[in-house]
Amino acid sequence: MKTPHSAPLGALSLRLKLIPLVVCNAFAVPLLSAAEQTLGEVEVRSGASGSFTSPSVQVGTFRDQAPVDVPMTNNVVTRETLDAQGQRTLFGALRNTAGVTRSQLSGSTYDNIAIRGILVENRGNYRLNGSLPIINLIDIPLENKDRVEVLKGASSMYYGFVPPSGIVNLVTKRPAAEPLTSVATSINQHGAADVHLDLSRRYGEQSQLGIRVNVATGKEAIGIDRYSGDRQLVSAAFDLKASTNLSFKLDLEHYRKEVSEQAAIALPAALGGRITLPGVPNNKINLAGEWQKYTADATNLLFRTDYLINEDWSALFEIGRAEANRDRRYSNFRNYNLATGAGQLEIWFQDGQKFTNQNWRSELNGRVRVLGAVHELTFGVTGNEREQDSRNSDILSVAQNIYNPVEIVQRNRSNGSQANPSSIRDQGVYLQDRILLGEQWQVLVGIRESNYRSKTRATLYSAKETGLNGALIFKPSAATSIYASYLEGLEETGQAPANRANAGEILAPSVNKQYELGVKAMLARNTLVQAALFRIERPFTTVNAANVFSIGGEAEYTGLELAASGEITPNLGVVASAVLMNPEIVKTTNAAELGKAPENTAKRTASLFAEYRIPGLAGLSVNGGWFYTGERAVNNANQAYIPGYSTFSLGARYFTRIAGKKTTWQVNVDNVADKDYWSSAGNGLLGVGTPRTVRLGMRVEL
């Protein structure tokens with residue numbers, strides 16, 4: 001049975017596969033002659049040209065600021081890091097950032113992520129180029145991204161009603177200064193294969209118009225049973241310098257993915273206040289049928305214009321739209337016998353789901369001098385409207401066994417889906433003042449007034465909230481800062497999941513608070529080191545005896561975060577991070593939860609990745625990574641824990657020239673030990689980690 005999106009997406013798939021040929025022709029890329037296709041003389045070069053750290057961030061009110069001037073914990077996963085690790089997924093990128101864990105799902109379709117134990121909301125916390133809220137309900141491709149940034153903690157000053165987990169910002173590749181034509185391909189041992197084309201050109205007497213196009217297509221295989229699928233991407237980034245004072249940027253991306261969705265595993269019932277978990281299944285297990293497809297597509301459009309009024313004042317305007325559609329055959333395994341493994345696989349048929357975000361922002365930035373102090377002012381107004389039709393679904397239950405899985409015969413839904421629309425409007429006015437008191441002291445003060453309304457069939461909620469932010473920064477040198485900050489955040493408390501009695505209900509928003517004390521330094525060899533003590537206070541949700549999802553109390557997250565990224569020596573690059581945290585539920589309507597840790601929150605997480613460019617072997621580098629997540633409670637009552645785990649990665653890159661063309665050969669191995677482990681918990685569900693994956697890749701600059 002084809003889902004409603006299947007026909008147009010199939011046609012799109014065919015068109016996308018033809019795009020590389022069309023684009024090459026449009027950009028007048030010459031085809032290689034037979035002689036040029038031979039290997040010819042091999043010329044080596046020294047190695048990677050990028051860096052594991054970034055000189056600036058592009059998120060929130062801190063756009064284009066140096067990291068040491070940002071009084072919050074921020075991490076940047078650069079293009080060089082992504083390339084060295086051969087990463088294609090969002091979680092694969094963010095595993096380099098301590099405190100990041102999977103939540104609820106295993107990641108076979110998209111990455112559901114928590115930071116410091118707090119869920120990263122899929123429609124508000126993911127941003128494109130620091131602005132547009134894109135919809136993380138389909139794997140966000142990284143081929144057209146220059147880097148992935150994480151601004152941890154409360155970010156409502158700039159982004160309105162969002163949880164204090166942090167903002168994940170995806171920065172697109174811009175048109176390069178020089179012409180670029182790059183073709184990359186990769187395969188893995190499970191049968192996946194892909195190809196990626198990256199083209200960049202500039203036009204005009206002064207190269208004032210720049211265009212960058214990225215196209216990717218491939219077959220998906222991740223090593224689990226009964227899994228197949230494919231994905232495509234096409235994107236374009238345009239830069240236009242209309243005059244000395246006026247410039248424009250336009251980003252457009254469309255991507256789709258159709259894959260089998262791995263079944264989640266529900267928690268067993270508690271006995272005597274404790275839950276006994278099943279043994280960790282083999283990491284290749286999939287209790288769902290291959291026919292249970294997750295079919296989704298997304299389109300993001302963002303336009304920005306900047307105008308330089310004079311040397312001290314500038315203005316920007318941005319407007320964008322994000323849309324995602326999906327059909328889903330989601331399933332979870334429940335009501336099973338721990339001894340025999342026999343249970344029920346619940347299959348949910350969810351067709352025609354649609355999600356849209358429309359966002360705009362107008363901002364005035366300037367500098368004034370008052371009584372000897374310089375004030376860097378940001379005044380902005382912004383609006384965001386989100387609509388969704390999540391669609392009520394059929395539910396079908398069939399027999400399955402966790403120890404001896406059987407093939408699930410394809411089933412069809414019994415009737416049409418029922419519309420379940422909801423909408424959110426979030427508008428705000430904000431003012432931030434960075435006060436420069438000489439060369440060493442800075443004071444940041446900000447205020448935002450937000451107007452919020454959420455509407456469903458059953459509820460209508462509106463509120464006006466005012467949030468305050470403040471920070472004090474001391475800079476003993478230009479490359480070092482010591483800061484203390486206080487932020488008030490406004491957040492949507494959440495939407496009741498599909499497996500709760502009040503499924504789809506949007507809860508009233510709430511206020512959170514964050515305190516942070518930190519130090520940052522950019523060391524001599526372009527290495528950023530950070531240390532911060534933080535404390536987050538926020539309302540949290542719980543599930544009562546009637547299976548109703550609601551606000552249940554307050555949780556506190558207190559911890560220490562450490563991070564370092566950059567080049568330690570000319571031949572050694574490192575990305576390292578760690579979080580030590582004490583999460584605790586301090587207020588609750590459920591006595592069994594008081595004093596416990598919020599579900600799926602690890603007290604300790606850490607990561608270390610290093611690449612070494614071998615002296616004397618020009619062009620060759622080797623790398624390795626260690627990624628650790630501590631134990632996590634499966635629910636707020638802490639009735640069971642999934643164990644902590646470590647995974648390891650290994651890789652190598654070889655940079656050379658073949659027939660005069662820059663060529664990179666690469667191999668990466670993830671989960672080297674092929675470890676079986678629980679990768680996620682939360683919302684009454686468990687997810688299983690992915691198998692060992694060996695990926696071979698090659699990139700050629702034509």
Side-chain angles (χ1 to χ4, degrees), residues 43-57 66-68 73-87 92-100 142 145-150 477-480 519-532 561-579 605-628 646-657 662-673 694-699:
E43 176 187 337
V44 299
R45 67 183 179 92
S46 60
S49 59
S51 174
F52 286 170
T53 193
S54 173
S56 66
V57 298
V68 295
T73 302
N74 64 279
N75 305 96
V76 179
V77 184
T78 65
R79 183 73 250 173
E80 187 65 21
T81 306
L82 297 173
D83 287 343
Q85 297 180 351
Q87 279 306 326
L94 297 182
R95 66 179 182 169
N96 297 286
T97 302
V100 173
L142 298 183
K145 306 303 188 298
D146 179 67
R147 61 188 182 274
V148 180
E149 302 177 339
V150 181
S477 70
T480 305
V519 58
K520 300 183 180 184
M522 186 68 76
L523 303 183
R525 297 206 63 85
N526 198 34
T527 299
L528 175 67
V529 296
Q530 307 179 71
E561 178 150 350
L562 306 170
S565 59
E567 281 60 54
I568 305 299
T569 73
N571 293 321
L572 178 63
V574 171
V575 180
S577 63
V579 168
T605 58
S607 68
L608 173 63
F609 177 79
E611 182 175 59
Y612 184 62
R613 294 140 200 166
I614 301 176
L617 295 175
L620 180 62
S621 63
V622 295
N623 62 63
W626 167 67
F627 308 95
Y628 170 74
S646 292
T647 60
F648 298 89
S649 70
L650 292 173
R653 294 193 286 174
Y654 181 54
F655 301 88
T656 185
R657 286 183 182 269
K662 294 179 181 179
T663 303
T664 304
W665 299 91
Q666 184 164 352
V667 60
N668 293 95
V669 186
D670 283 321
N671 191 7
V672 172
V694 181
R695 179 175 170 271
L696 302 176
M698 182 187 72
R699 182 175 70 248

ask   = Can you tell me how far the CG atom of Asn671 sits from the CG atom of Leu650, to the nearest 0.5 Å?
value = 11.0 Å
Validation row: Asp670, Thr647 side chains within 4.5 angstrom (heavy atoms) = no
Side-chain donor/acceptor of Asn623 to backbone N/O of Gly651, under 3.5 Å = yes
ask   = Are the side chain of Thr527 and the backbone of Glu567 linked by a donor-acceptor contact shorter than 3.5 Å?
value = yes
query = Any donor-acceptor pair under 3.5 Å linking the side chain of Thr78 with the backbone of Ser51?
reply = yes
query = When rounded to the nearest 0.5 angstrom, what is the spacing between OG1 in Thr664 and CZ in Arg699?
reply = 4.0 Å
ask   = What is the distance from atom OG of Ser621 to atom CG of Leu572, rounded to the nearest 0.5 Å?
value = 11.0 Å
request  = Test Ser649 against Gln87 for side-chain contact (heavy atoms from CB on, under 4.5 Å), laying out the working first.
outcome  = CA-CA 11 Å; Ser649 70; Gln87 279 306 326; over 6 Å; no
ask   = Can you name the nearest heavy-atom pair linking Val68 to Ala478, along with the distance?
value = CG2-O, 4.0 Å
message = Could you report the tightest heavy-atom contact between Val574 and Phe52, atom names first, then the distance?
response = N-CD1, 3.5 Å
query = Do you know which two heavy atoms are closest between Leu142 and Ala93, and how far apart they sit?
reply = CD1-CB, 4.2 Å
inquiry  = Checking the side chain of Ser577 only, and the main-chain atoms of Ala98 only, is there a donor and an acceptor separated by less than 3.5 Å?
reply    = yes
request  = Indicate yes or no for a side-chain donor-acceptor contact from Gln530 to the backbone of Asn74 under 3.5 Å, with no hydrogens or angles considered.
outcome  = yes
task = Can you measure from OH (Tyr628) to OG (Ser607) and round to the nearest 0.5 angstrom?
result = 13.0 Å
request  = Measure the CZ-CZ distance between Phe627 and Phe648 for me, rounded to the nearest 0.5 Å.
outcome  = 10.0 Å
query = Side-chain contact, heavy-atom cut-off 4.5 Å: Arg653 with Asp83?
reply = yes
Inter-residue atom distance Thr81.OG1 - Arg147.CZ, 0.5 Å rounding = 11.5 Å
ask   = Cut-off 3.5 Å, side chains only: do Gln85 and Asn96 have a donor facing an acceptor?
value = yes
task = Provide the closest heavy-atom pair for Tyr654 versus Ala618 in the form atom of the first, atom of the second, distance.
result = CE1-O, 3.7 Å
request  = Considering non-hydrogen atoms only, spot the tightest contact between Ser54 and Met522 and give its length.
outcome  = O-CE, 4.4 Å
key: Heavy-atom closest pair, residues Ala532 and Thr73   = CB-OG1, 3.6 Å
task = Look at the side chain of Asp146 and the backbone N and O of Arg79, then say whether any donor-acceptor pair between them is shorter than 3.5 Å.
result = no
Intermediate values then yes/no, side-chain contact (heavy atoms from CB on, under 4.5 Å), Val694 and Val667 = CA-CA 7 Å; Val694 181; Val667 60; 4.3 Å; yes
inquiry  = Between Lys662 and Arg657, does the side-chain contact (heavy atoms from CB on, under 4.5 Å) criterion hold? Intermediate values first, please.
reply    = CA-CA 5 Å; Lys662 294 179 181 179; Arg657 286 183 182 269; 3.2 Å; yes
